[in-house]
Amino acid sequence: MTNFGTLEYVMDKFSGAWSWKVTGERAVAMVSQIIPQAWYGDGEYEAIVPDDPKNVSQIKWIMDRYPLEILSKNIWQKKVPPSTKVVQKKPKKTERLQLANPGKQFRGNLLNFQREGLDFLLKSAGNALLADEMGLGKTVQSLSYIASEQNAFPALIVAPLVTLQNWQREIEKFLVRKSRNGRLVDGQAPTSTIIRVGKSEALDKFDFYIINYELLFKRYKDLSKLGLKTIVCDEVQNLRSKTTQKYHAIKKLAALESVKYRIGLSGTPIYNRGSEIWPIVDILRPGLLGSFKEFCEYFCYVNEKGKAIVLENKRESLRNMLQKHVMLRRKKSDVLSELKEKIRYKEIIDSDINYYNKELERIWRKLEDERKVAQTPFDASTAYQRAIQSERQAAGAAKLPHVINFVKNIMEIEESVVVFCHHKSIHSLLHQSLSEFKPASIIGGQTDKQRQDSIDSFQNGQTKLMIAGLRAGNVGINLTRAKYVIFAELDWSPAIHLQAEDRLHRIGQKNTVFAYYLIGNGTLDEHVAKVLVDKSYEIDAIMDNKVESFENKGKAELILAQIQDKVKAIMQTSPIQ
């Protein structure tokens with residue numbers, strides 16, 4: 001136990017308070033598991049623990065089992081005087097919002113809260129995160145801002161692949177072209193091009209360049225020569241990892257001398273952990289949250305997997321800093337009084353446990369075989385990830401008959417329904433088993449036209465059932481014809497589910513939206529559901545100061561009872577086949 005770690009009483013340079021510093025890989029790992037208030041120290045294996053009775057008790061608990069070397073307080077006090085504090089310059093606070101009017105190049109109508117969003121972008125000088133909930137018109141607000149600035153072209157729009165055409169349509173719908181002498185050209189929209197290939201080649205002159213995140217790194221040199229004035233990053237959570245090529249490409253583009261305006265758009269800028277907000281803010285307002293190391297030292301602790309989690313007692317202060325200086329966040333319930341509520345309900349359904357256990361045995365036996373022949377730690381890790389993915393698919397298949405029955409019960413009363421799943425095999429089985437309803441489909445690999453045709457057939461009432469992939473159908477589409485959304489499979493990220501729900505719960509929806517999460521009894525689903533709730537607590541506290549998980553259980557159960565009652569009535573009055 002001699003190498004377990006050390007304990008030292010130190011002055012925390014950020015809070016200015018005396019705290020406990022724990023060092024050592026094993027010691028820090030233990031602290032991260034039992035003291036959630038701890039955060040990063042300066043070194044790789046250092047944790048700072050606030051000096052309060054509860055934390056001291058936990059430290060003593062560790063020392064009773066794993067001896068820590070105690071370093072002298074007196075020596076440290078000589079190194080760091082009690083008066084030592086870091087003085088940080090406070091950024092300018094955004095003023096109170098007014099109802100702004102867009103420039104003449106904009107030819108649409110803005111709702112009042114959207115005019116306030118325009119005012120926020122104007123007062124932020126176009127360097128801001130517009131984080132309204134999905135379905136509140138972030139696209140139109142950003143276009144109205146571009147139309148309101150004197151020198152905003154050329155503009156680069158970076159967005160997920162499936163939304164590129166939608167951006168081009170919105171530009172043509174809401175903006176009028178401006179000639180070189182500044183006059184508006186009636187009947188013409190600004191020029192735009194969608195960049196679809198990764199091969200480097202010179203780009204012609206356009207007002208808008210539209211590109212997906214995956215091509216950014218390959219086309220960086222071409223884009224850097226355009227004299228860009230504005231960069232809009234739609235679904236900016238795609239930049240939440242500072243180690244990716246797309247992050248480095250957009251970071252360099254945003255730093256170009258010609259670029260004046262940097263706008264991030266996302267209803268879910270935080271996908272899994274609060275620390276994901278740092279890379280996004282670092283692009284829009286560099287230095288606001290300090291370096292990543294400084295951000296983690298003050299706001300975060302490290303969990304058992306080595307991930308930086310925002311401390312529970314720091315989430316409010318982080319949210320306040322974001323809202324004061326870089327982020328505008330409005331919830332639908334705050335600005336759309338006519339929009340009905342959204343209700344989530346977790347429904348535990350039966351699973352074929354025999355099938356599931358047999359699949360588990362096969363999956364983990366295969367994993368053991370692959371690990372025996374793995375030549376590197378990477379090979380072993382990859383094998384483990386494949387096993388987890390296979391287990392998720394087995395969980396989906398084990399509950400599939402009961403998912404199908406659940407969907408049919410709702411379809412029997414002729415309500416439009418959207419079903420989300422994760423695996424292509426489950427997507428295909430759902431299609432086969434529910435073919436009587438002639439379902440529309442959204443799945444990865446579709447062309448833009450195939451995808452839009454499916455959406456149109458559902459929205460126009462040609463079919464009452466949509467089956468969509470969780471990752472393929474969670475952004476850039478409108479499915480307001482339905483009020484029921486069913487999750488046949490679960491994703492690890494709460495943001496994926498939120499985005500999927502809000503394909504229905506958005507402007508144009510006239511009904512209460514019911515979201516049913518179908519949890520396979522005795523399967524991996526139960527663990528995934530627990531992880532989702534835990535992640536939601538951190539995300540909701542930072543974004544909205546409100547914890548939302550599964551809610552209004554009574555009302556959701558009442559709807560289920562009504563559905564079952566109607567189905568029984570239909571069965572009783574129908575002739576026996």
Side-chain angles (χ1 to χ4, degrees), residues 162 268 271-272 344-353 355-360 362-363 385-411 417-435 437 439-446 454 465-475 477 479 482 484-504 513-536 549-550 556:
V162 296
T268 54
Y271 248 44
N272 292 293
R344 298 182 183 130
Y345 182 61
K346 182 168 62 178
E347 175 80 348
I348 305 296
I349 64 173
D350 291 333
S351 301
D352 185 341
I353 295 300
Y355 164 83
Y356 181 70
N357 288 334
K358 286 180 181 178
E359 283 296 292
L360 281 192
R362 180 187 64 81
I363 291 166
Q385 294 303 322
R386 281 198 299 267
I388 290 294
Q389 193 66 259
S390 298
E391 184 174 354
R392 289 181 64 193
Q393 186 166 330
K399 66 181 178 181
L400 191 62
H402 301 281
V403 171
I404 292 166
N405 186 54
F406 190 93
V407 175
K408 284 185 174 181
N409 282 347
I410 296 181
M411 296 300 297
V417 178
V418 179
V419 180
F420 281 102
C421 58
H422 179 71
H423 295 93
K424 286 189 175 182
S425 60
I426 302 299
H427 191 286
S428 177
L429 290 170
L430 284 170
H431 248 282
Q432 294 172 20
S433 302
L434 298 167
S435 59
F437 301 106
S441 176
I442 296 176
I443 193 169
Q446 287 177 316
S454 287
L465 178 62
M466 168 69 80
I467 301 175
L470 259 175
R471 298 269 173 166
N474 69 322
V475 295
I477 62 175
L479 301 174
Y484 294 100
V485 55
I486 297 170
F487 291 95
E489 293 186 276
L490 304 181
D491 196 278
W492 291 102
S493 171
I496 292 291
H497 295 289
L498 184 59
Q499 289 178 331
E501 290 171 358
D502 285 347
R503 298 307 98 203
L504 287 68
V513 170
F514 292 90
Y516 290 97
Y517 289 74
L518 305 185
I519 313 297
N521 190 23
T523 71
L524 182 67
D525 278 357
E526 294 179 328
H527 173 64
V528 176
K530 182 180 178 181
V531 170
L532 284 171
V533 172
D534 290 342
K535 288 181 177 180
S536 294
S549 53
F550 298 102

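Just so it is clear, the model here is predicted, and its values are computed rather than measured.
- Rounding to the nearest 0.5 Å gives a distance of 15.5 Å between CE of Met466 and CZ of Phe437.
- With contacts defined as side-chain heavy-atom distances shorter than 4.5 Å, the pair Ile426/Glu489 qualifies.
- The two atoms that bring Gln393 and Ser425 nearest to each other are NE2-OG, 2.9 Å, heavy atoms only.
- At least one side-chain heavy atom of Leu490 sits less than 4.5 Å from a side-chain heavy atom of His497.
- Considering only heavy atoms from C-beta on, Ser351 stays 4.5 Å or farther from His402 through its side chain.
- With values rounded to the nearest 0.5 angstrom, Met411 atom CE is found 11.5 Å from Asn409 atom CG.
- To the nearest 0.5 angstrom, Ser428 atom OG is 9.5 Å from Ile467 atom CD1.
- No side-chain heavy atom of Val513 sits under 4.5 Å from any side-chain heavy atom of Glu501.
- A 4.5 Å side-chain heavy-atom check between Phe487 and Leu470 finds at least one atom pair inside the cut-off.
- Minimum interatomic distance between Ala482 and Leu504 (heavy atoms only, all atoms of both residues): O-CD2, 3.5 Å.
- Leu430 places a side-chain heavy atom less than 4.5 Å from the side chain of Leu400.
- Closest approach of Ile363 and Glu391 over heavy atoms only: CD1-N, 3.7 Å.
- Under a 3.5 Å cut-off, the side chain of Gln446 and the backbone N or O of Ile443 do form a donor-acceptor pair.
- Within the model, atoms CG of Asn521 and OG1 of Thr523 stand 7.5 Å from one another, a figure rounded to the nearest 0.5 Å.
- Not a single donor-acceptor pair under 3.5 Å links the side chain of Lys424 to the backbone N or O of Gly469.
- Counting all heavy atoms, side chain and backbone alike, Ala394 lies closest to Glu359 at CB-CB, 3.9 Å.
- Side chains of Ser441 and His427 form a contact here, defined as non-hydrogen atoms less than 4.5 Å apart.
- In this structure, Leu429 CG and Ile404 CD1 are separated by 7.5 Å, a value rounded to the nearest 0.5 Å.
- A donor-acceptor pair is defined here as one N or O able to donate and one able to accept, closer than 3.5 Å; such a pair exists between the side chain of Arg503 and the backbone of Gln499.
- With rounding to the nearest 0.5 angstrom, the CG atom of Leu498 is 12.5 Å from the CG atom of Asp491.
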Let's go through Tyr356 and Asp352 carefully: what are the C-alpha distance in whole Å and the side-chain angles of both, what is the deciding distance for side chain to side chain contact (heavy atoms under 4.5 Å, CB included) to 0.1 Å, and is it a yes or a no? CA-CA 6 Å; Tyr356 181 70; Asp352 185 341; over 6 Å; no
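- Using cut-offs of 30° and 60° for the angle between ring planes, the Phe514 and Tyr484 rings count as parallel.
- The closest donor-acceptor contact from the side chain of Ser435 to the backbone of Gln432 lies under 3.5 Å.
- Using a 4.5 Å heavy-atom cutoff, the side chains of Leu465 and Val407 are in contact.
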